[in-house]
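Here the structure comes first, spelled out in C-alpha cells, and everything after it is commentary.
By convention in this document, chain letters (A, B, ...) are assigned in the order of the sequence lines, proteins followed by strands, and residues within each chain are numbered from 1. Keep in mind that what you see is a predicted model, and the values were worked out from it rather than measured.
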Number of protein chains: 2
Amino acid sequence: MDFINHLTSNNIKPSLQRLRIFEYLYNSAEHPTVDTIYSDLVSAIPTLSKTTVYNTLKLFIDNGITSTLTIEENEVRYDAIMEEHAHFKCDTCGHIYDVEIDISTLKFKKIKSFKVETTNIYLNGKCNKCLTN
Amino acid sequence: MDFINHLTSNNIKPSLQRLRIFEYLYNSAEHPTVDTIYSDLVSAIPTLSKTTVYNTLKLFIDNGITSTLTIEENEVRYDAIMEEHAHFKCDTCGHIYDVEIDISTLKFKKIKSFKVETTNIYLNGKCNKCLTN
DNA sequence: TATAAAATTGTAATGATTACAAATTTAGAA
DNA sequence: TTCTAAATTTGTAATCATTACAATTTTATA
C-alpha cells in the first residue's frame with residue numbers, strides 16, 4: 001500500500017501526522033482507540049496533540065478512508081480497512097478480530113422501504129484462545 | 001405483555017421506577033437514550049433521578065431483558081425487544097427502525113475459532129420517507 | 001414498631017470528545 | 001529568496017454522558 005498516494009488520491013494532503021496516523025491504523029489489527037493511537041505515536045512525533053488525532057480521524061472518515069466501530073459502549077474504535085467484514089470482540093480478553101463475511105447472503109424481510117448505505121455486523125463472544133485456557 | 005410478571009420472572013423486584021422504565025422502553029419504537037427516558041418519565045415520577053435510570057437499565061441488561069444499541073458513536077440507546085432483529089438508522093431524519101432479519105443465513109468464513117454469543121447488525125442509510133421528500 | 005436490607009436519590013468525579021483561538025507550517029506569488 | 005495567505009497543528013478550556021459514592025428513603029420482615 002502506497003500511503004502517500006492513498007491519501008492524495010482521496011484529497012488529503014499527506015502531512016507527517018496524517019501519514020503516520022493512517023499507517024498506524026492500517027497496520028494495526030487491534031482497531032485502536034484515539035488514546036492508543038496518540039500514546040503509540042507521540043514518541044515518534046513528540047509535538048503530536050490528541051486534538052490532531054481527533055481532527056485527522058474525522059478527516060479520514062469524511063473522506064471515506066476510515067470507519068468507526070462502536071462494538072462496545074463507551075469506546076469508539078477506528079478501522080482503515082474498508083472492505084466488507086464483520087468484527088468479533090472477545091468478551092474475555094477484549095481483543096477485536098476481523099471476520100470475513102458475505103453480507104450479500106443476509107436475508108432481510110421488508111427491507112425495501114430503506115436505502116441501505118452501510119452495514120455493520122458486530123459479534124460478541126469468546127475467542128478460541130480464551131476458550132481453551 | 002404482563003410487565004410485573006416479566007420483571008418478577010427475571011428476578012427483578014417490580015418497583016414503580018423499574019416498571020415505568022421498562023414499560024416505556026418496551027413500548028417505545030425509538031430506542032431512547034437515557035436522557036430521553038428520564039425526561040419523558042420525570043413528570044410521572046417527580047422524584048426520579050437520572051442515576052436511577054442508569055442503575056435500572058444496567059439491572060435490566062444484567063438480567064437479560066434489555067440490550068444496548070451503539071449504532072452511532074456517542075449515543076447509547078436501549079432496547080427491550082430481545083428477539084433477533086437488525087437496526088436501521090436513517091442518517092437524514094435520525095430515526096431508528098427495527099428490521100426483521102434471519103441471522104442464520106449469515107455466512108461466515110472461518111468463524112469456527114470463535115464462540116459467538118451475540119450478533120448485532122446495524123444498517124445506515126435513508127428511509128423511504130426521507131427519500132421521497 | 002423496630003431493624004436491616006434494598007432501592008432511590010443527589011452531588012461530585014471521571015473521562016472522552018469538542019470548541020476555539022493561538023502558533024506553526026506550507027504553498028504560491030512577487 | 002522573501003512575503004503573505006491559507007492550511008495544519010497544537011493546547012487549553014468547555015461540554016456532556018457516565019460512574020462513584022454516600023446519604024436518604026422505602027420496603028420487607030421479625
Side-chain angles (χ1 to χ4, degrees), chain A residues 3-4 7-8 10-25 30-63 65-79 94, chain B residues 3-4 7-8 10-25 30-63 65-79 94:
Chain A
F3 292 112
I4 291 185
L7 294 188
T8 305
N10 283 282
N11 301 312
I12 296 169
K13 213 174 289 181
S15 72
L16 176 70
Q17 288 86 341
R18 290 168 178 179
L19 255 179
R20 288 293 140 73
I21 292 173
F22 191 81
E23 284 171 10
Y24 180 86
L25 198 55
E30 259 306 288
H31 302 304
T33 61
V34 165
D35 219 61
T36 308
I37 298 170
Y38 173 78
S39 303
D40 286 354
L41 289 181
V42 71
S43 55
I45 313 171
T47 61
L48 185 64
S49 152
K50 209 176 277 188
T51 303
T52 300
V53 179
Y54 277 106
N55 291 343
T56 303
L57 289 169
K58 185 178 186 326
L59 182 71
F60 290 170
I61 290 164
D62 289 347
N63 290 55
I65 63 169
T66 291
S67 60
T68 60
L69 302 187
T70 47
I71 194 167
E72 206 65 54
E73 330 78 88
N74 250 355
E75 52 167 32
V76 177
R77 286 159 176 264
Y78 296 86
D79 193 348
Chain B
F3 292 113
I4 291 185
L7 295 188
T8 306
N10 282 281
N11 299 313
I12 296 168
K13 211 174 289 181
S15 72
L16 176 70
Q17 287 85 342
R18 290 169 178 177
L19 255 179
R20 287 293 140 71
I21 291 173
F22 191 80
E23 284 170 10
Y24 180 86
L25 198 56
E30 260 305 287
H31 300 306
T33 62
V34 166
D35 219 60
T36 307
I37 298 170
Y38 173 78
S39 303
D40 286 354
L41 289 182
V42 72
S43 56
I45 313 171
T47 60
L48 186 64
S49 152
K50 210 177 274 188
T51 303
T52 300
V53 179
Y54 277 107
N55 291 343
T56 303
L57 289 168
K58 185 177 184 327
L59 181 72
F60 290 170
I61 291 163
D62 290 348
N63 290 54
I65 63 168
T66 292
S67 60
T68 61
L69 302 186
T70 47
I71 193 167
E72 206 64 56
E73 331 76 90
N74 249 355
E75 51 167 33
V76 177
R77 287 159 175 264
Y78 297 87
D79 194 348

Summary of protein contacts for nucleotides 3-9 of chain C, nucleotide by nucleotide, where a base hit scores B, a sugar-phosphate-only hit scores S (4.0 Å, heavy atoms): ---SSSB
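- Evaluation of the salt bridge (charged side-chain N to carboxylate O under 4.0 Å, His left out) test over residues 44-56 of chain B, restricted to residues two or more places apart or in two chains, returns B/D35-B/K50.
- In this entry the distance linking NZ of B/K50 with P of D/dA17 reads 7 Å, nearest Å.
- Summarising the geometry, the separation between CG on A/D35 and P on C/dT14 is reported as 16 Å, rounded to the nearest angstrom.
- The stretch residues 13-25 of chain A participates, sequence neighbours left out, in these salt bridge (charged side-chain N to carboxylate O under 4.0 Å, His left out) pairs: A/R20-A/E23.
- Between the CG atom of A/L57 and the P atom of D/dT9 there is a distance of 12 Å, rounded to whole Å.
- Not counting sequence neighbours, the partners of B/Y24 by the side chain to side chain donor-acceptor pair (under 3.5 Å) test are B/D40.
- Residues that satisfy the side-chain contact (heavy atoms from CB on, under 4.5 Å) test with B/T8, not counting sequence neighbours, are B/I4, B/P14.
- Between B/Y54 and D/dT19, a side-chain N or O to OP1/OP2 separation shorter than 4.0 Å is absent.
- One can place CZ of A/F60 at 12 Å from P of D/dT8, the figure rounded to the nearest angstrom.
- Judged as a side chain to side chain donor-acceptor pair (under 3.5 Å), and not counting sequence neighbours, the contacts of B/T36 are B/T33.
- To the nearest angstrom, P of D/dT9 lies 15 Å from CD1 of A/I37.
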side-chain contact (heavy atoms from CB on, under 4.5 Å) assessment of B/L57 paired with B/I37: CA-CA 10 Å; B/L57 289 168; B/I37 298 170; 4.0 Å; yes
